[in-house]
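Lettering follows sequence order; numbering is per chain, from 1.
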Protein chains: 2
Amino acid sequence: MKDEEIAAMMRALGHPVRLNILRIMAQRQRDCCCADVTDCLPLAQSTVSQHIKVLVEAGLIERRPKGTRNCYVLITSKFAALESAFGKMTAALTELSARNRHQENKG
Amino acid sequence: MKDEEIAAMMRALGHPVRLNILRIMAQRQRDCCCADVTDCLPLAQSTVSQHIKVLVEAGLIERRPKGTRNCYVLITSKFAALESAFGKMTAALTELSARNRHQENKG
DNA sequence: TTCTTTCATCGTTAAACAACGATATAGGCG
DNA sequence: CGCCTATATCGTTGTTTAACGATGAAAGAA
């Protein structure tokens, strides 16, 4: 996973409303459409739709047209991939950082 | 860890240059100052300093004045905390999402 | 066909971000 | 003290984001 892609997903997750939207979508029994999310938030429908679009474009959720509504589902594989990539990055940073501190103590 | 804090860290990580800066800081042997980072990037010093500020304010790195320079070190505990929070969130989302799909298949 | 519902998109506004060059401050050196 | 170095901050510019109300398109009901 390239930095650009990781950063794009992080950016999509970098807004509390969008974290909330993801939880609402996950908690919702069965289908979850835009109106369901809007009902749970003090935001205009257009604003919610815009946030949803950001999540779709980041590849974190999927749109499924269903009659007159659009249902959204999480793409769990993408969350897993991001978690893995982030974990690897954190491990690398932490390891290098620790090694440097070790040398610092010696010098 | 609250959504607002998670989102703030995610936002700070949501730019490829900042991911790069973190790697540069971690890879660097011993101290890492602003000039060291700037040397590795095709960006103005002021721009790099600004990115560093974002990382400091997100609580991901720490500034340590050292003579005429400022050294920066990763706060590994914050990375661990974020990784943990993100992992929990992902697990919750995935679990709920899977349960809903299960019920969907039944209904 | 006509009305209703759902929702994405448009247009707007204000705020935040990203990049730059220029400036200012603070620590060391002569 | 005066000079140099490192770097944070200022001011500017152009871009992106976040929020809203209004509009428009598509599916279904009357």
Side-chain angles (χ1 to χ4, degrees), chain A residues 3-25 28-74, chain B residues 3-25 28-74:
Chain A
D3 271 9
E4 187 53 74
E5 195 183 353
I6 295 177
M9 285 190 180
M10 292 286 192
R11 227 176 305 137
L13 295 173
H15 194 297
V17 165
R18 288 197 284 271
L19 294 180
N20 214 340
I21 288 175
L22 290 173
R23 268 200 215 89
I24 291 168
M25 286 181 175
R28 173 101 189 151
Q29 309 288 28
R30 309 173 58 85
D31 298 340
C32 183
C33 65
C34 181
D36 296 327
V37 178
T38 305
D39 286 346
C40 301
L41 297 172
L43 293 170
Q45 176 267 324
S46 58
T47 303
V48 172
S49 186
Q50 185 62 27
H51 278 300
I52 289 175
K53 186 183 185 183
V54 172
L55 293 169
V56 169
E57 286 178 347
L60 292 169
I61 65 177
E62 186 191 352
R63 172 174 298 156
R64 292 188 185 163
K66 207 162 224 172
T68 175
R69 302 186 303 151
N70 279 338
C71 299
Y72 293 95
V73 293
L74 307 204
Chain B
D3 271 8
E4 187 55 73
E5 195 183 353
I6 295 177
M9 286 191 181
M10 292 282 194
R11 225 176 308 133
L13 295 173
H15 194 298
V17 165
R18 287 195 286 269
L19 295 181
N20 215 341
I21 288 176
L22 290 173
R23 268 201 215 90
I24 291 167
M25 287 180 173
R28 173 103 189 151
Q29 308 288 28
R30 311 173 57 88
D31 298 339
C32 184
C33 65
C34 181
D36 296 328
V37 177
T38 305
D39 286 345
C40 302
L41 296 172
L43 293 170
Q45 177 268 326
S46 58
T47 303
V48 172
S49 185
Q50 185 61 29
H51 279 301
I52 289 176
K53 186 184 186 184
V54 172
L55 293 168
V56 169
E57 287 178 347
L60 292 169
I61 66 177
E62 187 192 349
R63 171 175 300 158
R64 293 189 185 160
K66 208 162 225 173
T68 174
R69 302 186 303 151
N70 279 337
C71 299
Y72 293 95
V73 294
L74 307 204

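- Side-chain nitrogen and oxygen atoms of Y72(B) include none within less than 4.0 Å of the OP1 or OP2 phosphate oxygen of dA6(D).
- Note: N70(B) CG to I52(B) CD1 = 9.0 Å, rounded to the nearest 0.5 Å.
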Set out, in order, the CA-CA distance, both residues' side-chain angles and the distance that settles side-chain hydrogen bond (donor to acceptor under 3.5 Å, both in side chains) for Y72(B) and R63(B), then state yes or no. CA-CA 5 Å; Y72(B) 293 95; R63(B) 171 175 300 158; 2.9 Å; yes

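- Distance CG (L41(B)) to P (dA18(C)): 14 Å, rounded to an integer number of Å.
- Remark: C40(A) SG to R23(A) CZ distance equals 12.5 Å, nearest 0.5 Å.
- Residue N70(B) places at least one side-chain N or O under 4.0 Å from the OP1 or OP2 atom of dA8(D).
- The interatomic distance linking I52(B) (CD1) with dT7(D) (P) rounds to 8 Å, in whole Å.
- Side chains of L13(A) and L22(A) form a contact here, defined as non-hydrogen atoms less than 4.5 Å apart.
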Contact list (N/O, under 3.5 angstrom) for nucleotides 19-23 of chain C vs protein:
residue	atom	partner	partner atom	Å
dA19(C)	OP2	H51(B)	NE2	2.6
dC20(C)	OP2	A44(B)	N	2.9
dC20(C)	OP2	T47(B)	OG1	2.8
dG21(C)	N7	S46(B)	OG	3.2
dG21(C)	O6	S46(B)	OG	3.2

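- When the P atom of dT17(D) is taken as reference, atom CE of M10(B) falls 17 Å away, rounded to whole Å.
- In terms of modelled atom types and a separation under 3.5 Å, the side chain of T38(B) and the main chain of C34(B) share a donor-acceptor contact.
- The nearest whole Å value for the distance from the CG atom in L19(A) to the C1' atom in dA18(D) is 15 Å.
- Residues L41(A) and I24(A) meet the side-chain proximity criterion, which asks for heavy atoms closer than 4.5 Å.
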Produce the list of close N/O pairs, under 3.5 Å, pairing protein atoms with atoms of nucleotides 25-30 of chain C; give distances to one decimal.
none

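- Atoms CD (E57(B)) and P (dA8(D)) sit 12 Å apart, rounded to a whole Å.
- The side chain of R69(A) contributes no N or O atom lying less than 4.0 Å from OP1 or OP2 of dA26(D).
- Contact between N20(A) and D3(B) at its shortest, heavy atoms only, is N-OD2, 4.3 Å.
- Regarding K53(B), its NZ atom lies at a distance of 10 Å from the C1' atom of dC10(D), rounded to whole Å.
- In this structure, G14(A) and M10(B) approach most closely via the heavy-atom pair CA-CB, 3.8 Å.
- Between the side chain of D39(B) and the main chain of D36(B), no donor-acceptor pair closer than 3.5 Å is present.
- What separates CZ of R63(A) from P of dA27(D) is a distance of 14 Å, to the nearest Å.
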